[in-house]
Every structure is written in C-alpha cells, then in structure tokens.
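A short write-up of the structure that comes next.
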Amino acid sequence: MEFYMAPLEGITGALFRKLYQKHFYPFERLYTPFFGNTGFNTKEMRELDATEAGGVPVIPQILSNKAEDFLLIAGKMKDSGYTAVNLNLGCPAGTVVSKGRGSGFLKHIDALDTFLGEICEKSPLPISVKTRIGFDDESVWPELLSVYNRHPITELIVHPRLRTDLYRPPVRTDAFAYAYQNAKMPLVYNGDINTVEDYERIRVAFPEIRAVMIGRGILRNPGLLGEIHGKAPVTDRQIRDWLTDLCAQNLAAYTETPTLYKLKEIWSYLQERYPNRKKELKQLFKAKKLYEYENAMAAILG
Ligand SMILES: Cc1cc2nc3c(=O)[nH]c(=O)nc-3n(C[C@H](O)[C@H](O)[C@H](O)COP(=O)(O)O)c2cc1C
C-alpha cells in the first residue's frame, strides 16, 4: 500500500509539500492543487518548477472540460519535467461546477466520455483521474465507472462522495466497494482518513488498492502518516519547527499577508489538537502582523 498526499488548493503548494516531506514521515507521491488556466500566472509559474519533493514524484492536477485546453496544459507540464498528470473531477466549488468543470462535469456523462477519449488519445503524459461518485445521485456511479473503464486511465482516485455531499460525513463506502469490485484500473481510496483506525478500516476492507490519499488528516495531525507506520506521535516542538520553517520560506517568496493567510489555513485544521487553547487560537486567527501570529503560536506550541 502506498500513501499519496491529497491536493488542497490554497494549502498544499510547492513549499508545503517540500517542507512536509522534510519534517514528517514522507508520502510516496504528491498531487498539486488544480491548474485551471491555459495561461499561467506568476503564482502558477512558481508552482510549475516543483516536479518533485525530497526525491518523490509530484503529479500536477488539471481542471478542465475542454480537451484542447487540457492538452495544452498537459503539454506545458511535460515541458516542465512532469511525468504524469491528474484530471480533477471532484471540485465542488460553485464557480467551478457552474462552468461544468470538476464535479460539475459528472452531470454530463456523454460529454465526459468524449472528452476522456480525446485526451487519453492525444495527451503527451499518462492520465490519472480523481473523482467523486456523482453529482447529486449515487445511482449514476456504475455508469460513470463503466465510462472510466473504457479509457486507458492509469489510476482512479475515488473520493466516495457526491458533489451535493460537499465534505459532510459519512463517506459512501458502499460506492467505493462497488469500484473495488468493478474498476479495471488500479484504485486509490480518498476521504476522511484522520486516524490510524480510519486507515486500518480501509486497509482491511480493501486490501488490494494501490494507495490511500490523505489530505485534511495530516493537517489535523501532521504525525498521522508516521503513526500509521508505527512511529511515535509528533511533538509540539516538531510542529513548531515545521511551521517556523514554512513561515520563513513563504516570507522569502511572498509578502506577510499571504504568508499569514496560508498559515492560518493550516491552523484552521491544526487547532483541533489544542481544544484547551481557545484564547491563544483566537489571537492567532486575529493576527494581522507576523509578530502577533508568532506570539500566539509560541503560547500554543511553546
Ligand atoms: C481546502 C481544500 C482544498 C481542496 N483542493 C482540491 C484540489 O485542488 N483538487 C482536488 O482534487 N481536490 C481538492 N480538495 C479535495 C481533497 O483533495 C480531498 O479529496 C478531500 O479533502 C477528502 O480527503 P481528506 O478527507 O483526506 O481531506 C480540496 C479539499 C479542501 C478541504
């Protein structure tokens, strides 16, 4: 069983991936948040260089419903040195769905079939897919899976929720079990692995899957992957060293405001570890200046 880092837009950018791999038990593969534009802006250009982290491959993700655009972006990914691309068929954001992209594409199964045919035939790089199991009706999942099975998709990462579920628990494990029985390509499970027990449940139920992909679980507990591998839980000191490194490296590339924004995004999950630090956490989220953030962090982590 392998372990993949999930793409989290606004959080798991190049610096996050590099420093997570350096400070904690490393993943075997890392997926970028989606690239959705054919012309790359400065931020995207900066992200493009990060084809690996600590010797582990990074797979860039593309969000598109136009074969021509997908192929153009995939070509740029190849030129940048990547060896595979991933297609986003899960994003539930209203602005994405309304354009028929991400999970919005799951409403148009025939168009998706045609799109997959064209990109799989012409893509300069192998394509994997990350998908939800439907838009608002789970009964389409067998049909959707049979479409995926018709194309040479290298790997299917399934987050077993509908778009209308957003991120609400529980995940629809039965739909994943259906894929486990019927998918023709290697399968990856994604969704709500937050503890060692969550992982064990998936491993026992689906022993033949290629990998599990974990996102928010490593923000809630950065030591989760280590614990799954039998290591001791991480200490507050390790978390502090990681966040200090992340802060310094972000400041070398960005200004104070976006750096603070990114760190607070991480803390919006990490705060669950510190239920008795409500006052300090409030100060951390209120911080407008770096020193205010650092003081609040020191009060929580020592
Ligand atoms: C803030 C945030 C940003 C996300 N960005 C992406 C993204 O860019 N591409 C993608 O495929 N999924 C994205 N996702 C979905 C996650 O990759 C993952 O499928 C989902 O969070 C379930 O897995 P988890 O419970 O391990 O986090 C995002 C989720 C969150 C919460």
Side-chain angles (χ1 to χ4, degrees), residues 1-14 16-17 20 27 29-37 43-44 47 50 58-65 70 73 77 84-97 99 101-106 127-134 153 155-173 175-176 179 187-199 201-203 209 211-225 227-228 261-272:
M1 180 87 74
E2 293 203 346
F3 293 85
Y4 298 171
M5 182 189 288
L8 301 170
E9 163 60 17
I11 300 176
T12 63
F16 179 99
R17 297 192 299 270
Y20 184 90
F27 283 94
R29 223 184 251 208
L30 311 158
Y31 287 74
T32 74
F34 63 79
F35 289 81
N37 303 315
K43 178 189 148 216
E44 287 165 333
E47 293 288 314
V58 171
I59 314 295
Q61 184 185 65
I62 302 176
L63 175 79
S64 180
N65 60 0
F70 181 97
I73 302 174
M77 294 307 178
V85 287
N86 178 260
L87 171 66
N88 179 324
L89 292 174
C91 183
T95 48
V96 166
V97 166
K99 294 188 190 121
R101 310 201 293 176
S103 63
F105 211 168
L106 305 179
I127 300 170
S128 62
V129 166
K130 180 167 180 283
T131 187
R132 288 191 183 232
I133 56 162
I153 291 165
E155 169 180 87
L156 189 66
I157 304 163
V158 180
H159 176 202
R161 285 192 165 98
L162 299 169
R163 188 271 173 174
T164 44
D165 295 333
L166 298 174
Y167 293 98
R168 269 190 301 276
V171 287
R172 297 174 185 257
T173 313
F176 191 84
L187 259 192
V188 176
Y189 174 87
N190 167 241
D192 292 17
I193 296 185
N194 292 304
T195 63
V196 177
E197 294 71 37
D198 293 337
Y199 164 70
R201 259 195 306 275
I202 297 300
R203 187 185 64 79
I209 56 176
V212 292
M213 174 179 264
I214 307 180
R216 295 164 300 167
I218 59 157
L219 303 177
R220 296 184 170 117
N221 172 15
L224 175 60
L225 198 51
E227 288 176 40
I228 287 173
Y261 182 83
K262 284 202 183 93
L263 292 165
K264 287 180 191 176
E265 283 288 295
I266 295 173
W267 273 101
S268 70
Y269 297 92
L270 189 60
Q271 64 173 331
E272 292 175 26

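Nothing fancy with the numbering, it's 1 onward along the sequence. Counting convention: from 1, in listed order, for ligands and their atoms alike. The structure displayed is predicted, hence computed values, not measured ones.
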Check your understanding: Are R132 and D165 close enough for a salt bridge, meaning some N to O gap below 4.0 Å?
Key -> no
Review point. Looking only at side chains, do R220 and N194 share a donor and an acceptor under 3.5 Å apart?
Key: yes
Check your understanding: Going by heavy atoms in the side chains, are N86 and I157 under 4.5 Å from each other?
Key -> yes
**Study point:** Side-chain ion pair, D192 and R161, N-O less than 4.0 Å
**Key:** yes
Revision key, fill the gap. Expected contact list for ligand 1 at under 4.0 angstrom, heavy-atom basis, is A6, P7, L8, E9, P33, F34, Q61, N88, K130, H159, Y167, N190, G191, D192, I214, G215, R216, Y269
Review point. Charged N to carboxylate O under 4.0 angstrom, R29 versus E155?
Key: yes
Check your understanding: What pair of heavy atoms forms the shortest contact from G13 to E47, and how long is it?
Key -> CA-OE1, 3.4 Å
